[in-house]
Amino acid sequence: MGRTPCCEKNGLKKGPWTPEEDQKLIDYIQKNGYGNWRTLPKNAGLQRCGKSCRLRWTNYLRPDIKRGRFSFEEEETIIQLHIILGNKWSAIAARLPGRTDNEIKNYWNTHIRKTLLRMGIDPVTHNPRLDLLDISSILSSSFYNNSSQMNLSRFLGVQTPC
DNA sequence: AATATAAGCAACCGCCTCTTG
DNA sequence: ACAAGAGGCGGTTGCTTATAT
């Protein structure tokens with residue numbers, strides 16, 4: 001045991017990437033592909049560890065990444081996939097073209113989780129949290145007025161108040 | 001206008017799995 | 001069959017930006 005971390009070597013840079021570093025990484029991968037992340041930074045002239053390069057490429061620099069807000073359809077897809085797959089963000093990302101696991105994970109933690117909690121749904125089990133259910137807050141919630149969310153509620157098995 | 005607080009997101013850490021010798 | 005190394009992944013952190021007071 002006791003594997004050495006990949007960034008153990010001194011002199012390797014950490015923290016936010018500069019535009020120059022981004023460009024070096026893009027140029028290198030466009031010319032050579034990304035066969036070996038371990039040796040890539042050295043070959044590309046980057047003072048970064050391979051993991052950092054891989055993360056930067058897959059989460060930010062990849063040309064097929066769709067940036068910007070998640071559509072309602074995407075959000076619904078994420079929730080439905082989460083019911084089936086749980087916190088398998090990469091598996092969920094694989095079904096959402098142009099989105100990364102990190103992006104989905106962030107979106108889940110900052111938006112969807114809170115939305116589900118507000119709706120009285122446990123974001124882990126997707127079961128209604130009847131003990132905490134606050135009907136009035138659900139009634140006043142903007143989501144209540146949205147038909148897609150109503151479908152989602154039905155999908156999740158949440159009883160809609162009448 | 002200044003400060004405090006919350007939200008959003010990029011990036012790191014460390015564990016797990018897969019591959020290779 | 002086993003060990004070591006590399007890649008991949010999920011959880012978490014911490015910086016930046018937006019919003020409230």
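Lettering of chains follows the sequences in order, A, B, ..., and the numbering in each one begins at 1.
Candidate nucleotides B/dA11, C/dC9, B/dG8 were compared by shortest atom distance to the side chain of A/Lys114, and B/dG8 ranks first. Nearest nucleotide to the side chain of A/Arg38, out of C/dA6, B/dC12, B/dC9: C/dA6. Closest to the side chain of A/Trp37, out of B/dA10, B/dA7, C/dG7, is C/dG7.
We find the CZ-CG distance between A/Arg113 and A/Asp122 to be 9.5 Å, quoted to the nearest 0.5 Å. Distance check: A/Arg62 CZ to A/Tyr34 OH gives 7.5 Å after rounding to the nearest 0.5 Å. Here the straight-line distance linking atom CD1 of A/Ile78 with atom CD1 of A/Ile112 works out to 4.5 Å at 0.5 Å rounding. Atom CG of A/Leu61 and atom CD1 of A/Ile26 lie 4.5 Å apart (nearest 0.5 Å). Here the CZ-CD1 distance, from A/Arg56 to A/Ile29, works out to 11.5 Å after rounding to the nearest 0.5 Å. Atoms CD and CZ, on A/Glu76 and A/Phe70 in that order, are 14.5 Å from each other to the nearest 0.5 Å.
Residue A/Arg69 is classed as having no contact, given no heavy-atom separation below 4.0 Å to the nucleic acid.
At B/dC12, one or more side-chain N or O atoms of A/Ser52 fall inside 4.0 Å of OP1 or OP2 (strictly under the cut-off). For B/dC13, the OP1/OP2 oxygens have a side-chain nitrogen or oxygen of A/Lys14 closer than 4.0 Å. Look at A/Arg67 and you'll find a side-chain N or O under 4.0 angstrom from OP1 or OP2 of B/dA10. A/His111 has a side-chain polar atom (N or O) that falls below the 4.0 Å cut-off from OP1 or OP2 of B/dG8.
Salt bridge annotation for A/Lys13-A/Glu21: present, with a cationic side-chain nitrogen under 4.0 angstrom from a carboxylate oxygen.
Within residues 87-101 of chain A, the residues having any heavy atom closer than 4.0 Å to DNA chain C are, in order of number, A/Asn87, A/Lys88, A/Trp89, A/Ser90.
Spacing between atom CH2 of A/Trp108 and atom P of B/dC9 amounts to 16 Å, rounded to whole angstrom units. Distance A/Leu40 CG to C/dG5 C1': 17 Å, rounded to the nearest Å. When rounded to the nearest whole Å, the span between OH of A/Tyr60 and P of B/dA11 equals 7 Å. Summarising the geometry, the separation between CG on A/Leu25 and P on B/dA11 is reported as 11 Å, rounded to the nearest angstrom. In this structure, A/Leu55 places its CG atom 12 Å from C1' of C/dG10, rounding to the nearest Å. Following rounding to the nearest Å, A/Ile65 (CD1) and B/dC9 (P) show an atom-to-atom distance of 14 Å. The interatomic distance linking A/Arg113 (CZ) with C/dG10 (P) rounds to 17 Å, in whole Å. Atom P of nucleotide C/dG8 and atom CH2 of A/Trp57 are separated by 14 Å, given to the nearest angstrom.
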Checklist entry - What string of B, S and - do you get for nucleotides 12-19 of chain C 5' to 3' if you count protein non-hydrogen atoms under 4.0 Å? => result B-------
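Atom CZ of A/Arg69 has 12 or fewer heavy atoms from other residues, nucleotides or ligands within 6.0 Å.
Contact record, A/Ser52 with A/Trp17: OG-NE1, 3.3 Å, taken as the closest heavy-atom pair.
When hydrophobic clusters are built by joining Ile, Leu, Val, Met, Phe, Trp and Tyr residues whose side-chain heavy atoms come closer than 4.5 Å, directly or via intermediates, A/Tyr60 is grouped together with A/Leu40.
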